[in-house]
Structures are given as structure tokens and as C-alpha cells.
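Notes follow once the structure below has been shown.
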Amino acid sequence: MNLLDNLNAQQREAVTAPAGPVLVLAGPGSGKTRVLTHRIAYQISQLGIPPAAIMAVTFTNKAAREMGNRVEELLTNSVHQSNMGTFHAFSAGVVRREANLLPVTREFVIFDDADQLSIMRKILKDMNIDPKQSPPRRIQNIISAAKNELIEAPDFAANNYFNEIVRRVYELYQQKLLDNNALDFDDLLLYAVKVLRENQSVLEAYRRRYRTILVDEFQDTNTAQYTLLRLIAGENPDLFAVGDPDQSIYRWRGADYRNVLRFLEDFPGAQTILLEQNYRSTQNILDLGMAVIDKHPGRQRKALFTDRGAGELIKFHEAYDEQDEANFVLDQIQSIADDGGYDLGDMAVMYRTNAQSRILEEAFLRAGQPYRLVGAQRFYGRREVKDLVGYLRLIHNREDQVSLLRVINTPPRGIGGKTISSFLQAAEDAHVSPATILDQLATDPNAALFDRFPRRGGQALAEFGKHLKQWRAMSSEIELGNLIDRILQDTHYHAYLDDGSEEGAERWENLLELRSLAQEFTELGMSIFLEHIALISDQDTLTDGQSAPTLLTLHAAKGLEFPIVIIIGLDDGLIPHQRSFDEPEAMLEERRLFYVGITRAKDRLVLVRCFRRRFFGTSSTAEPSRYLNDLPADLLEGDVAGILTREQSAYNRQTDWNLQPMRESVESKFNVGMRVKHAKFGEGIVMDSRVDQDDEEVTVEFEEYGIKILAASVANLERNGD
DNA sequence: ATCACAATACTTTTT
DNA sequence: GTATTGTGAT
């Protein structure tokens, strides 16, 4: 069988295009990834290029794996997947191989979001910067953006007071990372570029090695990634990039769809191939998508077409609130499965923010409906998992202070705040790293150092240091899984978790799962294992198996397709998100994001919004998404009349309160004037009380503490009988 | 030093 | 609703 058989003429042209830069611009569902994987397979089989000569990079681990799998399917002989990966994974490899040219050792660890934030907070504290005025998150984002533009601390333009602060924090932050022998995500790219730029011989080695380069999701590359490509590609590259500017949704991460234009400028001889035929969606879905994206100014209009026929109308539904929304989703899933003959695994529910998944999950759980959840700290963000990974990281890289502080007293071993601060002070005074102090305490029971600590604290530190030493010695001798067993045993971690609750048992299960994952890395070693954990996105924690609907964010949906797609939360403030309101470029991205969501659907699309929505903890009426106004009415069915403004909502037009779904409402327990008693605030008088959804909010004037607003479910408030 | 409870502060999207 | 911090009791 010819591997080009299932491509059309246009796609075939792209795949067999002669060596030289090629840019494939294609609409959704035009088989971009398919073209890309065929191109890889074609290069390998027809041109006799060894897999190692191909560098194929994309955005997510999942896409990378899929790319590898598909190529493997196409070719009978299996392909080394080491050549397929994400930019970050590729860069991590470069940094590790060339560590001797960089200010880290090969044992460096990758700091995740939480790690970064924790050192950022510490720096702000040390510098006496008010975290209220300069939020650590915001500074971190600015530094991240700078790194993605390849701007290092000394070159950071301090053009105003705030940026001057950022510049100083940036410097310290970078120093701190290196002190920890650590890099953040952005550093992986930055340092890979640095080492290639500054070392001609290294660069040439990579250029010789990777003669063919392929990029997926090209519209989402940032400056660092594009620079990396250009460096390795050289002057006259066999470079093949695939992308769609309409689907650029990572601008906030430094991605710049203008790299598409830069590509054409940098490589004037490049061929551009446009793919407009869509093989995924029905014409109705495509038309709806185009109605949304055509309102996007300054883009090249694409006339997407399909020969799949019009298909079903797009269903729109207005739910009362998010509970009702979740129930509607369940309903739809059930009825489409029953009537439409679809498999539950064919369906996806998409939303703008991860927080929206919770309500869905609860509803699914209640209904006994299994689901697959993509994204959001599902596994690796768990406390117990982070603890164990912290131990491993610390064993692997003794300078990792973030991990050290995380595990030094977890489980509690008598090393409290006081002991820790004198411990860190001791390290600072002696101008050595905390790891060295710990070593000294562990080795020499009579060290003068002990005088600096409370007796018990010093002993506990020494104990901990001894364990660490042992584990380190073992780590090169025994298998990763056994090392984990040993750590868990020595720390009595099971006992620490086991509080008899279901949650404790669940946490222990998670650790066992991590252990079995570690087992798979026995051959590859701890270094690769830790890198894998850092770079993996939770996309990969998606537990396959039985067919169940998938829940995921619109961002996570990129590159995927499902026969049935339900997009929820079509309210202003969510889609588009409130945080984008005052930034025109960000608003455009929201529109593209909605477009991406729409075009994931093959057969049927359902759009849902809520009349009421709980935004922080309080519920209020929501305005329908402004994008709903762009949808042609003749493509829609359902509660179409309610989509214009909140005044037109069915829940408003009818003053029939029975429309509100039945719910368990709490009885008001407190009345105005009632005397009450609070555990802390003492006695007081109820000034006001109102029942909001499932809780009662009581305003009390206390005799000594003044007026407080309390939630009856949380506060320990009692009626004072007399 | 540790725990339990309660008040507070914070929520976009991800490698 | 959830994560983090703060406080008082043991």
C-alpha cells in the first residue's frame, strides 16, 4: 500500500514537496497533522532519511505522541519517537547534553508554576516589596514573557518604576534558580537558544544531525521557539511548518502568529500551500464557525467547505444556573447516545475555565456517569504526589531548596519554623548551601553547629540529613521503585496519610500509582523521570479505557476532534473572559478560542449558557456571550429567543418562579433582633439575615467586635436562648 | 511543635 | 468553592 493513498492531490503535493521551506496554512479539520505525519513517513521511507535526521516538534506531549504513533502506523518499521516531541522536551535535552556550557549541572530540575511562585514570594519578602502592589504572579508573568522574547535580566528595559522593580526581581529570581540548580519552563527554551547561539561547534553538530525539521501548530510558536528553529534550520533548510493563524490561542504565553509572516520573510523561496477543504465538520458547523471568525478583523478570509453536507442544526440552550447546565449536559449526552447511536466516548464537553469542570464532575458523579477529565492539576498537583516528587528531586539535586523546604517537615518530624529559620541562617552565615549544613549535621554528631538549634530541632535535622544521605547513596544502586518504597517506609508516609478517611486512602492510592509509573522509568533513570513529570501536562493523565465523555478546556481541545461537542458557559465574562475585556488583542484571541471550540465538532454542536451564574461565591444573573449575536439564526435551534440580552431570557420574561429548578433550600435559622452567641466574637444581635442559595448569610452586631457578616454553615453561631 | 478551626484572599487559558 | 494564612488551645 502506498502511504500517500489516503491523501488528496493537494495534500499529496505538500507531502512530496521537494526539500526546502514549505509553509502549510490550513483551516480546521483539513488534516494538518495527517499531512505532517505523512511527510515524516515519506521522508523516512522515500528519501531514506534516518529518523534521527528529522526533528519534529509540536506543542503538547499528546500531539507529539500521536505524531509518533501515526508515523509508526504508516511505516512497518518502528520509528524512534525521540525525534518527536515538544519544544520544551527538545530544549530540555539540549540543555542536559550541553550542561557543561551552561550555569547548571546535568542534574538540574525543572521548577513548575508553584515552585516559581514560592521563590518569587520569598524574593519579594527579602526585598521588602509589598506583594499587594506588585503581585508575585504578575511579576512572574512579565519575567516569563521577557524570557520568551529572549530578553535576559540585564537587558530588561526598566522604563518605569514598576519595571525597575521587575528588573531587580528578575535578576534575583534568576540567581535563585541557579542557586537551586533549577530552570523554569521558559529557561529551557532560553538556555537552549543561548547555548546554540554562543557555541558554533554545538550549533553545527545540531544542524548536521537534524536536516529535516517539521513543526506542528506553527501559529503558536513564540520568539524563543522560532529562534531555536531558525538556528537549527540554518540558511537553506528543509523546513516544513503547518499552522492556522485563526487558531492562534496562546498569545498570552508569548506565541505570535506573526511568526507565520516572519517565516515568509525569512525564507523568501518558501512554498505556501493552502488547504481549505475540511474533512471534519458538517457544513452547518463550518458555517457557524466562519460566522464567528469572519468578525475577526485583519485576517485572510478562508472559504471553508466540506462535502459532508449540511448536517444537523446547532442546538442552543439556556439553562437556569450551572447546576441546571450540568444536568442539561448529562441529559444531552444520554439522549444523543440513545437516539443518535453515538458512543459516549464520541462526546466532549468544553468550557473556558478549569473551575467550571467541578460542577460538571459532581453532576456526572451523582448520575453515575463516568467521564474523562483532561487538564488541570488532576494528579501531579496533588499534595502527596508533590511531596514524593519533592523527595526524589531533592535526592537527585541536592541544591533544590524548594523541595527541601517542602519535605523537611513533611510528615512532621519536629522541625518547626524556628529550627528552619536558624537552619537557613546558618547556611547563609557560612556562605554554603543548606544542603551542606544538613550534611555536616548528619556526619558529625558533635558539630558546633548544633548549638544554633533547639536541642530537639538539631537532632531532627541530623536525622533527616542521615536519611537523605542514605537515599542518595541508594539511588544509584537500586531501582527507582524500590527507592520510593524506601522513602515512604523511612518517613512513615503511609501512617501520615492514613487518618482513616477515604481521602487518606485515595492519597495513598495516588502514591502507589506514581510508584508504578516510576517503575516504567527504571531503565531511563531518575533524571528522565523527573523531567517527564515536569514537562508532562495533565493531558496525559487522561485515563483511557472505557468509553466516556471527555471534559476539557477550550485550550486543551486544540488539535482534537469529537463527533459531538457541547460548549458550556457561553456567557459574557467567561467567553469572552472578563480578564480580556480591556485588551483588544486579548479579545480577538477569545474569539479565535471560541472558533477553535466550534470547529472541534464533527457532527453535532450544542451551545449552552446560564441565566444565573455563581462567579465568586455569590450568584448573579449573567449576560449572554456577545458572540452569540454573531450566530446566524437559521443555523440554530432551541432557546434562540433568549440569546440576545439577559432581559430576553426565558427566565425573565415569565414571572413564573416555578421555572427555577427545585432545590433544597436552607431554612432561615436566624431572624433580625435575635440574640446570638459566637465562639470567638461573644454575644451579639442579628441585624440582618438572608438566605442565598444553600447558605444563610447573617449580619450580627457583636457587643465587643462590632458588625460581622457570617455564613451560618461555617461560623459557629448559636442562638442565645435567654 | 502541632492541630483544629476560622477568616482571608483569590480564580483564564498551559509547557 | 478552594487554597492559604492566622490564631488559640493542647
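Reminder, nothing fancy here: chain letters follow the sequence lines and each chain counts from 1.
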**Message:** Holding to ring-ring contact (aromatic ring centres under 6.0 Å, His included), I want the full list of residues that pass it with A:Tyr226, two or more places apart in sequence or in another chain.
**Reply:** none
**Prompt:** Just how far, in rounded Å, is P of C:dT2 from CZ of A:Arg383?
**Reply:** 14 Å
**Request:** Check the distance between B:dT13's P and A:Gln578's CD and give it to me in whole angstrom.
**Result:** 14 Å
**Request:** Give the nucleotide from the list B:dT15, B:dA1, B:dT2 with an atom nearest to the side chain of A:Arg456.
**Result:** B:dA1
**Prompt:** Separation of A:Tyr351 atom OH from B:dT13 atom P, in whole Å?
**Reply:** 10 Å
**Request:** For A:Trp252 and B:dT13, say yes or no: do the ring centres fall under 5.5 Å of each other while the ring planes differ by less than 30°?
**Result:** yes
**Message:** Under 4.0 Å, counting only non-hydrogen atoms across every strand here, what does A:Arg251 touch: a base, just sugar-phosphate, or nothing?
**Reply:** nothing
**Request:** Send over the distance from A:Phe185 CZ to B:dT14 C1', rounded to a whole Å.
**Result:** 8 Å
**Atom-to-atom span, CZ of A:Arg137 to C1' of B:dA9 - whole angstrom** = 14 Å
**Request:** Mind calculating the distance between CD (A:Gln225) and P (B:dT15) to the nearest angstrom?
**Result:** 12 Å
**Message:** Within the 4.0 Å heavy-atom criterion, would you say A:Asn409 contacts the bases, only the backbone, or no part of the nucleic acid?
**Reply:** sugar-phosphate
**Prompt:** Starting at CG of A:Asn354 and ending at P of C:dA3, how long is that distance when rounded to a whole Å?
**Reply:** 13 Å
**Request:** Look at the side chain of A:Arg358 and decide which nucleotide, out of C:dT2, B:dA1, B:dT13, has an atom nearest to it.
**Result:** C:dT2
**Request:** Given side-chain hydrogen bond (donor to acceptor under 3.5 Å, both in side chains), test A:Glu217 with A:Gln219 step by step and report yes or no.
**Result:** CA-CA 5 Å; A:Glu217 307 286 7; A:Gln219 76 282 357; 2.9 Å; yes
**Item:** Option passing salt bridge (charged side-chain N to carboxylate O under 4.0 Å, His left out) with A:Arg393 (candidates A:Asp112, A:Asp400, A:Asp387)
**Value:** A:Asp400
**Asked** For the pair made of CG in A:Leu552 and P in B:dT14, what is the distance, rounded to whole Å?
**Response** 9 Å
**Item:** Within residues 181-193 of chain A or reaching into it, pairs that qualify as side chain to side chain donor-acceptor pair (under 3.5 Å) - sequence neighbours excluded
**Value:** A:Thr105-A:Asn181, A:Ser144-A:Asp186, A:Lys147-A:Asp184, A:Lys147-A:Asp187, A:Tyr173-A:Asp184, A:Gln174-A:Asp187, A:Gln174-A:Tyr191, A:Asn181-A:Asn397
**Asked** Looking at the side chain of A:His88, which of B:dT15, B:dT14, C:dG1 is the nearest nucleotide?
**Response** B:dT15
